[in-house]
2 protein chains.
Amino acid sequence: MRMDLDKQLNGSVQKAFLLLEAFTLDKPEWGVSELARSLGANKSTIYRLLATLEKLGVLQQNRRSEKYRLGLKLFELGHRVSIHQAVVHCTHPVLEEVARAIAETVHLAILEGTHIRYLDKVESPQGLKISTEIGSLRPAHCTGLGKMLLACADSEQQQAVLDATPLFAQTANTIVSAAALRRELAEIRERSFALDREEYEIGLICVAVPIFNQQGDLVAGLSASGPANRFREEALPHYVSILKRGAEKIREGIGNFQL
Amino acid sequence: MRMDLDKQLNGSVQKAFLLLEAFTLDKPEWGVSELARSLGANKSTIYRLLATLEKLGVLQQNRRSEKYRLGLKLFELGHRVSIHQAVVHCTHPVLEEVARAIAETVHLAILEGTHIRYLDKVESPQGLKISTEIGSLRPAHCTGLGKMLLACADSEQQQAVLDATPLFAQTANTIVSAAALRRELAEIRERSFALDREEYEIGLICVAVPIFNQQGDLVAGLSASGPANRFREEALPHYVSILKRGAEKIREGIGNFQL
DNA sequence: AAACGCTGTTTCATTATTCAAAACACTCAG
DNA sequence: CTGAGTGTTTTGAATAATGAAACAGCGTTT
């Protein structure tokens, strides 16, 4: 495998997880040969890795097609992750309330380096849905949640994003310069909510607020997203107030939990 | 490590996942030494495995305590598992409805060999909760869901359980003989719901029904569980009818989905 | 039918990696 | 200061992963 593996660390384990990364929602099934080709690795290596992971329940093999897909062991381990236990368990009901009140898709996310990670999601009851996936990452600089979380983060974390300027222009509206992003973050901190006006995807608007714990530490972000044509400027205060009430409710239930 | 590893298969990967198994909800944090001791393995082996898994995001290290816990990569991979996507996503709202209607904890589970695996759960609004974990396994022969799923399963799967007789007596009420279990399964098939009368845990009662897809294949099981002292015999038909309505609703939404 | 292209699987010698024991660095308690 | 507990790094020895090639199957094409 011509993957860059760190010396000192266990290469097989790294390979195994790099291999698991190939199983995305877009391509959930892989055969031995195609996967070996795609990873630039030897067939027998992949074959043995797949066989090992299948025996462990990490992958499961489709009898008919002989192809592999992610197995229930990962499902099990994923649910043991403490962040899931601690946060999502007690925040999900609030997300649902907010989603009902706003009638748009609601997300819960945290900052992870220069990206945000979606921890939970409740979809809009309306037809038009947003194609996010729980557990996945998105750049912080071009999402409402990302900018909100950055605005509340310490300067070290902000710098990590600003260092990467010019930032990747996801759409024509994406903020790409460090100066502009700095101004934007200051403004967000000021009014304590963030807006994403089609900065990640044309046609997609998002409003985000921060969630603090009872010690005042930033825990996560809460947002409502919907199609731009459904979004009315005058309704913004309404959205923000519902989101803020949700964040407050989570704060009450979450105690002194920290990331 | 004196773990039994299959020859031919990648040992490091097997070790890595055996190691991950140690991170349970009861003991979510491990240091290098204690984990090595607990697994009967060498410290440096565990050290490098932990370091590798941490670099991959599979584990994360607590700065203060230097201990490790499960990381967000597993959270992410867990949410990519297709069963989660396909089933839980569209069944969760129904579980909530049922939980509201019955006011007891509701579970969704599938049969996996001789055990059931909990895919989803909505807890009772009442104080007394059941200590199940999403993703975890329980023996099929002594749970309502397990007996229900077994009753609908093919004889091969039933035999796998019956072969293990005398079955493990979880409580004094557990069915332990093959003949008795066979009779029980026949009766369950007859009336198309299963009861667990404190067969897994004293004080715990459970009612379960099957969920079929539109082709009539068994997909999963749906159950309501609660403390025995809250359970009234005459309310049973009421519980069953609510569960059955839930199962029917899922059937409508699930199309021809198969395990 | 036979040759082809495509699977997944197995073999085997070479190589590189992982291993375990011990030493090291550090913290905390007595 | 000593001792027992951490996590980390180093060692040579031994194990285990590796890739090329051969194999076995299954359809399609020639």
Side-chain angles (χ1 to χ4, degrees), chain A residues 1-23 27-71 73 82, chain B residues 1-24 27-71 82:
Chain A
M1 281 197 193
R2 49 165 159 279
M3 310 158 161
D4 291 337
L5 305 180
D6 270 15
K7 313 281 167 178
Q8 298 287 71
L9 302 178
N10 188 315
S12 301
V13 174
Q14 293 185 69
K15 278 176 212 161
F17 278 94
L18 262 62
L19 180 152
L20 288 177
E21 289 294 333
F23 292 81
K27 178 104 180 70
E29 278 204 345
W30 288 91
V32 175
S33 298
E34 54 173 343
L35 186 53
R37 235 179 296 118
S38 161
L39 295 173
N42 189 289
K43 248 194 345 182
S44 19
T45 303
I46 297 298
Y47 171 72
R48 269 181 308 243
L49 273 176
L50 289 173
T52 305
L53 292 168
E54 199 228 343
K55 190 217 153 203
L56 293 165
V58 174
L59 295 175
Q60 55 190 81
Q61 195 173 14
N62 190 326
R63 278 166 213 70
R64 275 202 308 283
S65 66
E66 286 189 314
K67 298 195 172 194
Y68 294 85
R69 44 173 60 230
L70 297 180
K73 175 59 73 188
S82 55
Chain B
M1 279 194 195
R2 49 166 160 279
M3 308 160 165
D4 291 337
L5 306 179
D6 270 14
K7 313 280 169 178
Q8 299 288 69
L9 302 179
N10 189 315
S12 300
V13 174
Q14 292 185 70
K15 278 176 212 163
F17 278 95
L18 261 64
L19 180 152
L20 289 176
E21 290 293 333
F23 292 81
T24 60
K27 179 106 180 67
E29 277 203 345
W30 288 91
V32 176
S33 298
E34 54 173 343
L35 186 53
R37 234 180 297 117
S38 161
L39 295 172
N42 189 288
K43 246 191 352 178
S44 38
T45 304
I46 298 298
Y47 172 71
R48 228 152 335 111
L49 272 175
L50 289 173
T52 306
L53 292 168
E54 199 227 345
K55 190 217 152 204
L56 293 165
V58 174
L59 294 175
Q60 55 189 82
Q61 195 173 16
N62 189 327
R63 277 168 212 68
R64 275 202 309 283
S65 65
E66 286 188 316
K67 297 194 173 193
Y68 294 85
R69 43 173 61 232
L70 297 180
S82 56

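Lettering of chains follows the sequences in order, A, B, ..., and the numbering in each one begins at 1.
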> Heavy-atom nearest nucleotide on DNA chain C for A:Val32 versus A:Val13: which residue maps closer to 5'?
A:Val32
> Could you give the CG-to-C1' distance, from A:Leu50 to C:dG8, as a whole number of Å?
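After rounding, the reported distance stands at 11 Å.
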> Can you tell me whether the side chain of A:Lys43 and the base of D:dG19 have a donor-acceptor pair closer than 3.5 Å?
no
> Using a 4.5 Å cut-off on heavy atoms from C-beta on, say whether the side chain of A:Val58 contacts that of A:Lys73.
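Heavy-atom side-chain distance check passes, below 4.5 Å.
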> Measure from CG on B:Asn42 to C1' on D:dT9 and round the result to the nearest Å.
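It is 13 Å, rounded to the nearest whole Å.
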> Could you check how far CG of A:Leu49 sits from P of C:dG8, rounded to whole Å?
15 Å
> Write down the distance between CD (B:Gln14) and P (C:dC19), rounded to a whole number of angstrom.
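From B:Gln14 CD to C:dC19 P: 12 Å.
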> Evaluate the side-chain proximity of B:Lys55 to B:Thr52: yes if any heavy-atom separation is below 4.5 Å, no if none is.
no
> Using a cut-off of less than 4.0 Å, is there contact between a side-chain N or O of A:Tyr47 and OP1 or OP2 of C:dG8?
no
> Hey, is the main chain of B:Arg69 close enough, under 3.5 Å, to the side chain of B:Glu29 for a donor-acceptor pair?
no
> List, with names and distances, any nitrogen or oxygen atoms from the protein found under 3.5 Å away from nitrogen or oxygen atoms belonging to nucleotides 27-30 of chain C.
none

> Give a yes or no on whether a donor-acceptor pair under 3.5 Å exists between the nucleobase atoms of D:dA17, that is its base, and the side chain of A:Ser12.
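A donor-acceptor contact between them is absent.
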> What nucleotide among D:dA17, C:dT9, D:dT8 has an atom nearest to a side-chain atom of A:Lys15?
D:dA17
> So do the side chains of A:Leu20 and A:Leu59 get within less than 4.5 Å of each other, counting heavy atoms only?
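Counting from C-beta outward, A:Leu20 and A:Leu59 do come under 4.5 Å.
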> Check the phosphate of C:dT11 against A:Arg48, side-chain N and O only, distance under 4.0 Å to OP1 or OP2. Yes or no?
no
> Can you confirm whether B:Leu56 sits close enough to A:Val13 that some side-chain heavy atom of one is under 4.5 Å from a side-chain heavy atom of the other?
yes
> Can you list the steps and then say if A:Leu39 with A:Leu18 is a side-chain contact (heavy atoms from CB on, under 4.5 Å)?
CA-CA 9 Å; A:Leu39 295 173; A:Leu18 262 62; 5.8 Å; no
> Starting at CD of B:Glu29 and ending at P of D:dT6, how long is that distance when rounded to a whole Å?
15 Å
> By nearest atom, which of the nucleotides C:dC19, C:dG8, D:dT8 is closest to the A:Glu66 side chain?
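It is C:dG8.
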> To the nearest Å, give me how far apart CD (A:Gln61) and C1' (C:dT7) are.
12 Å
> Atom CD of B:Glu34 and atom C1' of D:dG5: how far apart are they, to the nearest Å?
12 Å
> Of the listed nucleotides (D:dG7, D:dT18, C:dC19), which one gets closest to any side-chain atom of A:Asn10?
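Per side-chain heavy atoms of A:Asn10, the pick is C:dC19.
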> Counting only side-chain nitrogens and oxygens, does A:Lys67 get under 4.0 Å of the OP1 or OP2 atom of C:dT7?
no
> Among D:dT8, D:dG19, C:dC19, find the nucleotide with the atom closest to the side chain of A:Ser44.
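In terms of side-chain proximity for A:Ser44, the closest of D:dT8, D:dG19, C:dC19 is D:dG19.
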> Hey, what do you get for CG (A:Leu53) to CD (B:Gln14), rounding to the nearest 0.5 Å?
9.5 Å
> What is the ring orientation for A:Phe17 with B:Phe17, classed by angle as parallel under 30°, tilted 30 to 60°, or perpendicular over 60°?
parallel
> Take atom CG of B:Leu9 and atom C1' of C:dT9, then tell me their distance rounded to the nearest Å.
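Those two atoms, CG and C1', are 13 Å apart.
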